[in-house]
Amino acid sequence: MNILVLNVGSSSLKFQLVDTDADRIGADTDRRLARGQIERIGGTAIWSFRAGDGPATKGTTPLKDHRAAVEYLLAWLVSDESDVEIHSLADIGAVGHRIVHGGEKFVRSVAIDEQVMRGIEETIELAPLHNPANLNGVNAVRTVLGPAVPQVAVFDTAFHHTLPERAFLYAIPYSLYRRHRVRRYGFHGTSHRYVSYRWRQITGTPREQERIITLHLGNGCSACAIVGGESIDTSMGFTPLEGLVMGTRSGDLDPALLDYIAEKEGLSLSGVETLLNKQSGLLGISGLTNDMRELLAEAEEHDDRRAWLAIEIFCYRVRKYVGAYLAAMGGADAICFAGGIGENAPAIRSMICEGLEWAGIRVDEALNRGLPGGEGRISPEGATPAVWVIPTDEELLIARDTFRVTHGMETRY
Ligand code: ADP
């Protein structure tokens with residue numbers, strides 16, 4: 001079954017077309033028929049599409065809204081020039097959407113109907129930037145492909161619904177949780193869930209015996225403590241601002257700073273929030289870039305002090321979370337790196353693990369450096385917790401969930 005996976009943002013759309021079914025899931029032979037993205041929707045959009053593993057074709061075109069973007073993408077998928085292995089829109093069996101926020105309501109992937117749409121709408125105040133765009137994507141697909149094509153919502157928050165109260169409640173008046181749903185939700189759930197599933201699959205570990213820490217380090221970064229296949233703690237909170245240092249986000253800080261910075265800099269509270277979300281993290285400390293690859297190059301080539309400082313603070317924060325989760329779980333069998341940085345930056349992996357030898361965490365540098373972008377263990381044989389690199393694949397998980405939901409199958413596996 002061909003499943004279109006969509007990740008619709010306020011002015012962007014990322015997609016993959018995945019051929020999957022029960023046999024393919026079982027044999028790990030799902031096929032990626034196409035992938036790509038459209039950016040700057042609302043003006044002159046920039047698109048980049050590729051069929052299979054072929055080269056990317058790129059171009060620009062005016063696209064006024066999400067519906068126009070979905071129409072453009074679908075027209076390309078079935079066009080002769082695209083070379084994608086489908087011939088008409090009828091070859092698309094279902095559409096799976098990444099939905100950022102499911103609140104407390106959505107604890108697993110669900111088929112989208114009117115009630116689910118209302119549920120996602122009710123969550124808009126928790127994710128004002130993301131959920132409306134996600135909903136636009138669902139509506140655009142419904143208009144263009146028709147209501148008969150099933151659509152499935154896969155929530156970024158759902159995997160963390162198993163957090164115990166002690167992990168998800170903030171130590172503020174309980175009434176705020178009751179009245180305004182103030183709590184830790186956690187994000188990147190699809191990625192943590194995929195990495196956890198994949199680690200069990202590679203190592204042949206039964207679900208109930210799993211005890212690992214997953215580190216999703218990309219532009220956004222989060223850590224997750226997983227026991228028995230369930231998230232028991234995670235570093236992102238009410239919003240994706242909390243926790244680790246990220247490309248442009250500060251992660252943890254003293255909340256009293258908001259007022260102080262607002263006053264000193266003459267900013268509104270929302271201005272400070274923007275500063276913490278967009279001008280902080282690696283970019284804020286280094287004053288150079290939010291991009292770890294560029295930062296590493298700058299640090300090494302020019303020995304830039306603030307580039308090193310940004311890297312050091314980034315790694316130190318991750319290390320502290322690893323320590324915290326080892327304490328929360330009473331030890332772990334593995335630490336798994338994922339995301340653009342986690343998968344591609346051996347130097348960062350080493351720096352994070354440095355000084356954690358007391359906990360048994362060791363990195364074999366030959367394995368670590370010999371694994372660019374690949375999957376595998378990077379700790380010496382027999383060391384516990386083992387250290388792994390497991391490239392994440394959120395789109396695959398969304399495609400598989402979409403297949404399962406549309407076929408009445410369990411999505412917890
Ligand atoms: P997103 O969270 O947007 O999906 P990614 O997971 O692609 O982002 O991660 C992007 C981050 O990964 C950037 O900071 C980028 O510099 C970093 N990255 C990608 N490749 C490398 C590399 N070879 N070395 C260091 N950092 C890398």
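Computed from heavy atoms alone, side chains included, the values below leave out hydrogens, waters and symmetry copies. Order of appearance sets the numbers: ligands from 1, and atoms from 1 within every ligand.
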If we ignore angles and hydrogens, is there a donor and acceptor under 3.5 Å between the side chains of His161 and Glu104?
no
Given Phe238, Tyr185, Tyr177, the one that forms ring-ring contact (aromatic ring centres under 6.0 Å, His included) with Phe168
Tyr177
Inter- and intrachain pairs under salt bridge (charged side-chain N to carboxylate O under 4.0 Å, His left out), touching residues 7-36, at least two apart:
Asp19-Arg24, Asp19-Arg31, Asp28-Arg198, Asp28-Arg400, Asp30-Arg400, Arg31-Glu85, Arg32-Asp393, Arg35-Asp53
Residue pair Ser12, Gln37: steps toward the side chain to side chain donor-acceptor pair (under 3.5 Å) verdict
CA-CA 7 Å; Ser12 71; Gln37 61 194 43; over 6 Å; no
Any N or O of Asn219 that comes nearer than 3.5 Å to an N or O of ligand 1?
yes
Select the closest option to atom 11 (C) of ligand 1 among Leu296, Asn290, Ile341, judged by heavy-atom distance.
Ile341
For Thr289 and Glu294, test the side chains for any donor-to-acceptor distance below 3.5 angstrom and give the result as yes or no.
yes
So, Thr392 versus Ser191: side-chain donor-acceptor pair below 3.5 Å or not?
yes
Protein heavy-atom partner closest to atom 7 (O) of ligand 1 - residue, atom, separation in Å
Gly340 CA, 4.1 Å
Judging by distance only, is a nitrogen or oxygen of Gly218 under 3.5 angstrom from one on ligand 1?
no
In the complex you have, is atom 2 (O) of ligand 1 within reach of the protein, judged by whether a heavy-atom distance drops under 4.0 Å?
yes
Could you identify the single nearest non-hydrogen protein atom to atom 24 (N) of ligand 1 and state the distance to 0.1 Å?
Asn344 O, 3.5 Å
For ligand 1, which atoms sit closer than 4.0 Å to a heavy atom of Gly220?
2 (O)
Taking the six-membered ring for Trp, are Tyr325 and Tyr321 parallel (under 30°), tilted (30 to 60°) or perpendicular (over 60°)?
perpendicular
Among Met292, Arg293, His188, whose heavy atom sits nearest atom 14 (O) of ligand 1?
Met292
If we only count N/O pairs under 3.5 Å, is His216 in contact with ligand 1?
no
Quick one: nearest non-hydrogen protein atom to atom 16 (O) of ligand 1, plus distance?
Asp291 OD1, 2.6 Å
